[in-house]
Amino acid sequence: MLLTQKTSNPWWKDAVVYQIYPRSFQDSNGDGIGDLQGIIQRLPYLEQLGIDAIWLSPVCRSPQDDNGYDISDYQDIDPMFGTLDDMDELIQKAKQHNIQIIIDLVLNHSSDEHRWFLEARKSKTNPYHDYYVWRDGTPDEKPNDMLAAFGGSAWEWVPELGQYYFHQFSVKQPDLNWENPKLRREIYDMILWWMNRGIGGFRLDVIDQIAKEPDKKITANGSRLHEFIQELSKETFQKGDLITVGEAWGANTENTKLYSNPDNSEFSMVFQFEHICLDQQEGKEKWDLAPLDFVKLKQVFAKWQTSLYQCGWNSLFWNNHDLPRIVSRWGNDGEYREKSAKMLATLLHGMQGTPYIYQGEELGMTNVSYDIEEYRDIETVNLYQERLDKGYDKDPIMQSIHAKSRDNARTPMQWDDTAYAGFSTAKPWLKLNPNYVTINAKNECSNPDSIFHYYQKLICLRKQYPVFVDGKFELYLPDDPDIMAYTRTLDNETLLVIANFHDQTRSIELPFAMDGELLISNYEQMTEPMTLRPYEARIYRIVRTN
Ligand code: TEU
Ligand code: CA
């Protein structure tokens, strides 16, 4: 794979990416678990939507302690999902549908069943020992009080060695030691091997946590982070024409200028989560529910849009496999489900950056409220037990789980209204959202006014008008409690994006006339041009002709 010539804009700037959570997308062999052949079957659907790339959550060999984010072989496919031949077939067939495959690289940690770790824990002198992060100690004296994301201490005792290993996530996800150049080289060779198979890009799991310094209790943004990323990029990504996106909960607008430097020295872009964590208060957990602040949301979007203009690049997303469904979170998943889903899509796709659609978002799929027995996610299951042990009542715990559990995003894809929603012929690994009978792809594809067709149109607009890609962002009405309004301007062309975030009709006043060509709207006819109905959204295109 050779470096192709750089045009003014890399290909991923007007691309739209679709995230697939493989175990929940399409089952092809009747075991209730989605797989690679299932994805191949659905390529025509994705081509119809108009996306350019698929980000696949991990499909490599894994004990599935964290649904594949615990990899035991980076160069093989988990039998649950298929074989390497299926993967090669997916890469090739997707290309025939003009779709690139982006794979998920989990490089902060491996599975404790990875060959490296099995070796590493044999002895302190084993050549693989230093691939992981170890500290001496005694059974009752941990190196420090750091906690793991999925509950309990971040240190796990290995009696045979008289040492602890460090894990930021589950005990089955030991952290890799990026200080070790041999480990880094081994990772680069593995990435080059994937690039040779025709991969279109990589999503890098919790990449801001690879340069951890546990003795200083530093996880994200360690002092060697950008040095490691620049080496990684140089040794691998820069040898191809890829889209790369790092997951970085610790990203801010300053370090994202490094991460997404247009000189291509790190990644194409990162996922940052400031707009997601708006309700997160200092010292509180994500489970401690707090109200959402709309004015703050606008400020955060505006800050990122403005800060990265011409010196970095944004990713645009509302959803992923770790987050609740956006229509249930910021929209209205009852009466105004369809309107609010379209409104949220309009706001996001009107901004500058590369949009990501998470499977089912294009159908307006919603959160679920199950009993605890139905949940499968390690984080949810552990959280439930941890809070019970701490003396919380069951009701508030379940309220938090209903609002925030990662399984909200992971319920099987709703294809049609038949048994198991066309997802499988057998009982799915995670319970289907009962609303699949009405909310499903079959209905959406047959209705020209559907959320699906609205997304399709937004994707077309991005390809049609360069102002969607390059236009400069400006926010209006920053303090308005209901309306988000912004423009995007490129040369003599301006896009005006306006949306009513709430369920009351609102009149608006902008410092200029609202006219031009109406490119898209989620309501049929215009009423008063300066009035927005519940969750109404519009994009106008205004061209100055002087
Ligand atoms: O997630 C990173 C992460 O820190 C959180 O999103 C985490 O999932 C949790 O919700 C915090 O409350 C990435 C992956 O996206 C996630 O699925 C993995 O479980 C995690 O890394 C570990 O690999
Ligand atoms: Ca299957």
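Just so it is clear, the model here is predicted, and its values are computed rather than measured. Numbering of ligands and ligand atoms starts at 1, following listing order.
- Below 30°, between 30° and 60°, or above 60°: for F452 and Y45 the angle between ring planes is between 30° and 60°, a tilted geometry.
- Only the side chain of R203 comes within 4.0 Å of ligand 1, counting heavy atoms alone; its backbone N, CA, C and O stay farther away.
- Regarding atom 15 (O) of ligand 1, its nearest protein heavy-atom neighbour is D322 OD2, 2.5 Å.
- Relative to atom 6 (O) of ligand 1, the option among F271, F169, W249 with the closest non-hydrogen atom is W249.
- Using cut-offs of 30° and 60° on the angle between ring planes, the pair Y165 and F117 is perpendicular.
- Ion pairing between a basic and an acidic side chain is recognised when a charged N comes within 4.0 Å of a carboxylate O; K172 and D70 show no such pairing.
- With waters left out, the protein N, O or S atoms under 3.0 Å from the Ca ion (ligand 2) add up to 5.
- With respect to K404 and D279, a salt bridge is recorded, a charged nitrogen being found less than 4.0 Å from a carboxylate O.
- To the nearest 0.5 Å, atoms CZ (R376) and OG (S405) are separated by 11.5 Å.
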Throw together a table of side-chain donor-acceptor distances under 3.5 angstrom for residues 392-401, partners on residues two or more places apart or in other chains.
from, atom 1, to, atom 2, distance (Å)
S400, OG, W287, O, 2.7
S400, OG, P396, O, 3.3

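- Residue E247 has at least one heavy-atom neighbour below 4.0 Å for each of these atoms of ligand 1: 1 (O), 2 (C), 13 (C), 15 (O).
- For the pair F273 and ligand 1, no heavy-atom separation below 4.0 Å is found.
- N67 and Y21 share a side-chain donor-acceptor pair at under 3.5 Å.
- At least one donor-acceptor pair under 3.5 Å links the side chain of E361 to the backbone N or O of Y358.
- The closest protein non-hydrogen atom to atom 8 (O) of ligand 1 is R406 NH1, 2.6 Å.
- Nearest protein heavy-atom neighbour of atom 12 (O) of ligand 1: E379 OE2, 2.5 Å.
- At a 3.5 angstrom cut-off on N or O pairs, H109 counts as close to ligand 1.
- Of all protein heavy atoms, the one closest to atom 14 (C) of ligand 1 is D205 OD1, 3.1 Å.
- With ligand atoms numbered from 1 in the order given, ligand 1 contributes 10 (O), 12 (O) to contacts under 4.0 Å with heavy atoms of K286.
- Side-chain atoms of R203 and Q19 form no donor-acceptor pair, as typed in the model, at a separation below 3.5 Å.
- Salt bridge present: D145 and K217 bring a charged side-chain N and a carboxylate O closer than 4.0 Å.
- A salt bridge links R197 with D88; the closest basic N to acidic carboxylate O contact falls under 4.0 Å.
- Each of the atoms 14 (C), 15 (O), 16 (C), 17 (O) of ligand 1 lies under 4.0 Å from some heavy atom of H321.
- For atom 19 (O) of ligand 1, the closest non-hydrogen atom of the protein is D66 OD2, 2.5 Å.
- Under a 4.0 Å N-O distance rule, the pair E179/R224 qualifies as a salt bridge.
- When non-hydrogen atoms are compared, ligand 1 lies under 4.0 Å from the side chain of R410 (C-beta onward) but not from its backbone.
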